[in-house]
A.B. asks: 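Can you keep this structure in mind? I'll have questions shortly.
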Amino acid sequence: MTNLEEFVEEINRFEAIISEWDESQRCVAVGLKRAIEALHKEALTRLIKSLKQESISALRHAADDEVVYAVLLYHDLVKPPLPPILQRIQAALEEVRPGLKSHNGDIELVAFKPPDTVEVRLIGTCSSCPASNLTLSQGVEQAIKNYCPEIKQVVAVSDRPAVDNTNTGLISPFAPSITTAWVRVATVEQIPDLGIFATKVAGHTLILYRQGDRITCYRNACSHLALPLDTGTVENGIITCPAHGFQYQLETGECLTADVPLQSYPVQMKGEKVFVKLSR
């Protein structure tokens with residue numbers, strides 16, 4: 001048995017004895033222990049300051065001793081070693097993964113690019129969600145930076161190739177033919193004033209909102225995860241998604257939760273009939 005093991009065993013033996021004392025006796029022993037520890041910490045703090053000024057290498061060499069390091073760590077005079085950065089990044093991803101999986105999504109680490117950049121890939125519904133940038137900045141990025149303060153940038157990458165939007169003047173012979181038409185979807189009286197009316201027409205699920213003589217139409221899908229909106233509550237012209245609480249201004253389609261507005265459709269009225277311009 002080494003001296004260190006003997007010291008630890010002796011400390012444990014005295015603590016076991018003190019635990020059986022009455023409260024007043026334990027308070028005296030604890031007070032004495034705290035006073036001695038405070039004295040030792042002050043002495044060690046002064047010693048460290050002196051060694052830093054004279055020889056930082058000597059201080060590092062001293063801290064390599066396991067007993068010295070353990071005592072300094074006990075007094076909060078050294079920081080415990082951090083796990084490897086890849087291990088900390090994975091721990092951060094594990095923290096956010098349950099929330100992503102609740103939305104049928106996931107995330108994986110693509111690469112750590114020294115000195116301060118992490119690349120991740122959003123998977124499942126999270127990869128195509130219009131609010132993925134919000135998920136990245138407010139969830140994933142914050143978690144990674146909490147575990148790894150040295151990380152300055154978190155980038156989402158995708159397997160999908162970038163689309164070149166340059167207008168080449170060429171028209172593909174295989175491009176689908178898309179036509180639009182004005183389709184009757186409701187009558188004015190079907191849409192409650194300051195309320196919504198849900199319908200499905202020509203393969204499109206829609207909600208219509210009426211405020212007096214003005215009617216607006218949107219896709220019946222929250223821009224967050226495309227879940228239906230029609231069962232959400234409407235109050236003061238604002239509809240709240242029943243799934244995750246995203247809110248939208250029904251007069252404009254603006255999202256009040258994130259920069260992901262509703263998909264809108266042009267509306268026109270002919271008498272009491274309401275028409276919406278839809279693609280076929």
Side-chain angles (χ1 to χ4, degrees), residues 4-5 8 12 41 44-45 48 52 56-57 59-164 221-228 240-247 255-261:
L4 178 59
E5 291 172 333
V8 172
N12 291 335
K41 183 174 182 178
L44 289 169
T45 301
I48 289 171
K52 276 185 176 180
I56 190 69
S57 61
L59 177 60
R60 289 172 179 165
H61 180 71
D64 286 338
D65 183 279
E66 62 175 344
V67 178
V68 174
Y69 179 79
V71 172
L72 295 178
L73 185 62
Y74 179 82
H75 288 290
D76 295 323
L77 296 175
V78 293
K79 294 181 179 179
L82 289 173
I85 189 165
L86 290 178
Q87 183 177 331
R88 286 182 283 139
I89 293 171
Q90 291 290 7
L93 298 185
E94 284 300 319
E95 182 178 289
V96 301
R97 186 163 277 123
L100 299 177
K101 285 188 174 181
S102 70
H103 295 170
N104 297 316
D106 204 343
I107 191 168
E108 65 180 8
L109 173 65
V110 175
F112 164 58
K113 294 190 173 181
D116 57 12
T117 300
V118 171
E119 291 184 349
V120 296
R121 180 181 292 110
L122 294 168
I123 303 172
T125 57
C126 293
S127 63
S128 57
C129 171
S132 58
N133 288 336
L134 183 71
T135 300
L136 184 70
S137 62
Q138 294 190 359
V140 177
E141 183 174 353
Q142 189 58 53
I144 291 176
K145 288 182 177 179
N146 287 342
Y147 279 81
C148 312
E150 62 268 46
I151 296 300
K152 304 300 180 186
Q153 187 175 17
V154 178
V155 180
V157 299
S158 173
D159 289 330
R160 291 174 294 179
V163 177
D164 184 0
C222 176
S223 297
H224 178 210
L225 290 174
L227 297 173
T240 301
C241 176
H244 302 105
F246 272 52
Q247 293 189 314
C255 181
L256 305 179
T257 309
D259 188 18
V260 282

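Positions are given from 1, in the same order as the sequence printed here.
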A.B. asks: Over all heavy atoms of both residues, which pair between Ile151 and Thr117 is shortest? Give the atoms and the distance, please.
C.D. replies: CD1-N, 4.3 Å
A.B. asks: Just how far is it from atom OG1 of Thr45 to atom CG of Leu77, taken to the nearest 0.5 Å?
C.D. replies: 4.5 Å
A.B. asks: When rounded to the nearest 0.5 angstrom, what is the spacing between CZ in Phe112 and CD1 in Ile89?
C.D. replies: 6.0 Å
A.B. asks: Answer whether the closest heavy-atom distance between the side chains of Leu109 and Leu86 falls below 4.5 Å.
C.D. replies: yes
A.B. asks: Roughly how far, to the nearest 0.5 Å, is CG of Asp76 from CG of Leu44?
C.D. replies: 12.0 Å
A.B. asks: In Å and rounded to the nearest 0.5 Å, what is the NZ to CZ distance from Lys52 to Arg60?
C.D. replies: 10.0 Å
A.B. asks: Heavy atoms only: give me the nearest Arg88-Pro83 pair and the separation to one decimal.
C.D. replies: NE-O, 2.9 Å
A.B. asks: Kindly say whether Ile107 contributes a backbone atom to a donor-acceptor pair with the side chain of Arg97 at under 3.5 angstrom?
C.D. replies: yes
A.B. asks: Assess the residue pair Thr257 and Gln247 against the criterion (side chain to side chain donor-acceptor pair (under 3.5 Å)); give the C-alpha distance rounded to whole Å, side-chain angles, the decisive distance to 0.1 Å, and a yes or no.
C.D. replies: CA-CA 6 Å; Thr257 309; Gln247 293 189 314; 5.3 Å; no
A.B. asks: Of all residues at least two apart in sequence or in a different chain, which pass the side chain to side chain donor-acceptor pair (under 3.5 Å) check with His244?
C.D. replies: His103
A.B. asks: Considering non-hydrogen atoms only, spot the tightest contact between Ser223 and Pro261 and give its length.
C.D. replies: OG-O, 2.8 Å
A.B. asks: For Ala243 and Leu227, work out which heavy atoms get closest and say how close.
C.D. replies: CB-CD1, 3.4 Å
A.B. asks: What pairs with Lys145 under side chain to side chain donor-acceptor pair (under 3.5 Å), at least two apart in sequence or on another chain?
C.D. replies: Glu141
A.B. asks: Minimum heavy-atom separation for Asp65 and Val67, please, with both atom names.
C.D. replies: OD1-N, 2.9 Å
A.B. asks: Measure the shortest side-chain to side-chain distance between Asp116 and Glu150 over non-hydrogen atoms and say whether it is less than 4.5 angstrom.
C.D. replies: no
A.B. asks: Got a second to check how far Glu108's CD is from Glu119's CD, nearest 0.5 Å?
C.D. replies: 11.5 Å
A.B. asks: What are the two closest non-hydrogen atoms of His75 and Lys41, and how far apart are they?
C.D. replies: O-CE, 3.1 Å
A.B. asks: The criterion is side chain to side chain donor-acceptor pair (under 3.5 Å); which residues satisfy it with Gln153, sequence neighbours excluded?
C.D. replies: none
